[in-house]
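Step one of this worksheet: look at the structure below.
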Amino acid sequence: MWVYIEKIRDFVEQEVTIKGWLYNIRSAGKLMFPELRDGTGLIQGVVSKKEVSEKVWEDFGKLTQESSVIVKGLITRHPKKEDVYELQVKDLEIVAIAEPYPITPKEHGVDFLADRRHLWLRSPRQSAIMRIRNEIIQSIREYMYNNGFILFDTPIFTPNACEGTSTLFSTDYFDLGKAYLSQSGQLYAEAGALALGKVYTLGPTFRAENSMTRRHITEFWMMEPEMAFFDLNDNMNLIEDFLEYVVQRVIKNKKQELDFLGRDLSKLEKVKKPFPRITYNEAVEILRKKDIPLIRKTENGEEHIRPFPYGEDFGAPHEEAIVEAFDKPVMVHRWPAEAKAFYMKRDPENPKLALGVDVLAPEGFGEIIGGSQREDNLDFLLERIEEHQLPLEEFGWYVDLRRYGSVPHSGFGLGIERVVSWLCNLEHIREAIPFARRPNRIRP
RNA sequence: UCGAAGGUAGCUCAAUGGUGGAGCAUUCGGCUGUUAACCGAAGGGUUGCGAGUUCGAGUCUCGCCCUUCGAGCCA
């Protein structure tokens with residue numbers, strides 16, 4: 001019977017068939033120890049010369065790393081190790097002999113591996129990350145479904161920039177001129193929220209920023225819920241509840257993979273409601289107390305400005321300093337409006353502040369969520385569009401949402417790969433997605 | 001885009017301006033409990049590209065290309 005390695009415990013002392021690939025093989029005279037991989041796990045086979053036919057013995061000698069095979073044998077407990085199982089090999093069918101495999105069980109550099117991403121994904125580490133990514137996305141979908149959100153898929157071709165700030169990838173669109181690859185589904189999700197109440201979009205987004213850091217890729221997946229009649233506070237309550245659900249479910253269901261990656265689970269177990277909520281101004285106070293300067297580039301190098309001035313946005317060193325004191329995600333809210341996007345509603349108590357919230361992951365993994373309450377007043381929104389010098393003709397439909405039964409509404413965007421990096425404790429975001437797109441890499 | 005480090009065998013890395021090496025991988029041989037197995041042997045090189053200095057350049061100088069790390073921007 002064909003079984004998957006992850007289910008092997010249920011078949012002890014039974015004869016099974018495993019279909020997979022040779023991960024590694026060791027030999028000791030009349031014994032061989034092939035390590036088999038089938039996508040769900042690894043198992044060590046034991047081939048004894050006196051137990052198998054001459055042909056099977058010879059065929060095992062021909063196998064190279066990553067050769068595909070169908071192996072029959074008896075599942076037994078490891079003679080020395082607890083909860084480890086082996087396959088006592090009886091028969092072998094070679095599906096295909098692999099050419100010399102470039103990725104060996106030894107060390108490799110990141111560039112070499114990135115060039116062979118299509119093969120790198122076969123390694124136990126990458127396989128564990130992809131399984132955890134799957135669990136994260138699945139738990140997001142289930143949370144949303146169970147809480148009354150409607151999946152609302154937004155377009156990838158768009159005629160306008162959602163936020164005027166970042167650069168967009170462009171392409172020709174028949175007779176209609178340029179089209180751009182979406183950098184966010186938010187504006188369309190707002191239309192969805194006013195139609196359906198609570199919606200979310202989950203799909204790829206694109207940013208043509210020449211960002212060469214361990215936290216950026218040019219094509220990344222984002223989950224963006226949008227809720228009618230939610231204010232900033234409701235938004236933050238949702239973020240807390242949602243993040244706790246996702247993190248706790250992932251550590252419950254993917255413990256084996258997280259252990260394999262060497263993830264410190266005690267840090268993730270602390271991700272429970274409530275999360276600290278601090279205002280932007282309080283965050284600046286933290287930076288001032290720690291004497292973290294704002295570093296600004298000048299013609300003759302760098303300028304270090306102390307104390308950190310109110311109104312400036314935070315960079316990576318600032319985020320790290322703010323998060324340091326907490327062991328949970330930190331929600332920073334009420335930002336200087338000037339630095340923020342045009343669609344954010346102003347704080348009624350202080351119009352210089354926008355009702356935005358950023359969520360900073362613990363352990364220095366940076367911003368995983370950016371959200372806000374949206375501007376729902378028609379005249380204020382028109383003002384913002386003018387201030388930001390955005391083409392009104394492209395935003396006509398968006399402005400319309402304020403004409404026909406406008407309501408307070410809020411939402412946020414969560415970067416899937418940032419969350420994968422955080423939960424898997426990855427050094428670099430390039431491992432968080434099957435095929436990472438970066439400014440200097442579009443292959444494979 | 002800016003700053004720093006780097007580019008030598010298939011991979012990871014050594015090599016005082018003076019005959020380019022090791023471990024792993026590959027091929028062959030040995031070994032009945034191996035776990036990135038081990039032991040023995042063999043094959044494997046336009047030192048990123050181009051110019052210059054020098055009797056002599058992997059090593060020094062200049063230009064270009066590429067990679068990594070950090071910064072900015074952001075999810």
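Below, read A as the first sequence line, B as the second, and so on, with proteins coming before strands; counting in each chain starts at 1. These numbers were taken from a predicted model, which means no experiment stands behind them.
Between A:Met223 and the options A:Ile137, A:Ile140, A:Val419, A:Thr201, a side chain to side chain contact (heavy atoms under 4.5 Å, CB included) holds for only A:Ile140.
For A:Asn210 and B:rC2, the shortest distance from a side-chain N or O to OP1 or OP2 is not below 4.0 Å. For the pair A:Arg430 and B:rU68, the criterion of a side-chain N or O lying under 4.0 Å from OP1 or OP2 is met.
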Open item on the list: Would A:Ser184 and A:Glu224 count as a side-chain hydrogen bond (donor to acceptor under 3.5 Å, both in side chains) here? Give the steps.
Closed with: CA-CA 8 Å; A:Ser184 162; A:Glu224 298 173 282; 2.7 Å; yes
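Between the side chains of A:Tyr245 and A:Arg249, a donor-acceptor pair is found at a separation under 3.5 Å. Using modelled atom types and a 3.5 Å distance limit, the side chains of A:Thr205 and A:Arg207 yield no donor-acceptor pair. For the 3.5 Å distance criterion, the side chains of A:Gln186 and A:Tyr343 qualify, holding a donor opposite an acceptor. Residues A:Gln256 and A:Arg131 have side chains that never bring a donor and an acceptor to within less than 3.5 angstrom of each other. A:Asn210 and A:Arg438 are not linked by any side-chain donor-acceptor pair at a separation below 3.5 angstrom, with hydrogens and angles left out of the test. There is a side-chain donor-acceptor pair under 3.5 Å between A:Glu190 and A:Tyr398.
Residue A:Lys80 places its side chain closer to B:rU34 than to any other of B:rU34, B:rG70, B:rC69. For A:Glu209, counting side-chain heavy atoms from C-beta on, the closest listed nucleotide (B:rC73, B:rG33, B:rA36) is B:rC73.
A:Glu312 has a carboxylate O that lies under 4.0 Å from a charged side-chain N of A:Arg296, or vice versa, which qualifies the two as a salt bridge.
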Under 3.5 Å, which N/O atoms of the protein pair with N/O atoms of nucleotides 20-24 of chain B?
none

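Donor-acceptor pairing under 3.5 Å, judged by distance alone, is absent between the side chain of A:Arg116 and the base of B:rC11.
Among the heavy atoms of the strands lying under 4.0 Å from A:Asp313 are primed sugar atoms or P, OP1, OP2 only; no base atom is included. Among the heavy atoms of the strands lying under 4.0 Å from A:Ile369 are primed sugar atoms or P, OP1, OP2 only; no base atom is included. The residue A:Gly366 sits apart from the nucleic acid: no heavy atom pair falls under 4.0 Å.
Interface residues of residues 50-65 of chain A facing RNA chain B, ordered by number: A:Lys50; criterion, heavy-atom separation under 4.0 Å. Contacts of residues 273-282 of chain A with RNA chain B (heavy atom under 4.0 Å): none. Proximity of residues 26-39 of chain A to RNA chain B (heavy atom under 4.0 angstrom from any strand atom) is restricted to A:Arg26, A:Ser27, A:Ala28, A:Gly29, A:Lys30, A:Leu31, A:Phe33.
Stem regions annotated for RNA chain B: B:1-7 with B:65-71, B:10-13 with B:21-24, B:26-30 with B:38-42, B:48-52 with B:60-64, counting only runs of 3 or more consecutive pairs of Watson-Crick or G-U type with both contacts under 3.5 Å.
Applying the side chain to side chain donor-acceptor pair (under 3.5 Å) criterion to A:Lys55, with sequence neighbours excluded, gives A:Asp59.
Between A:Phe149 and A:Tyr200, the two ring planes are perpendicular [angle over 60°; tilted spans 30° to 60°].
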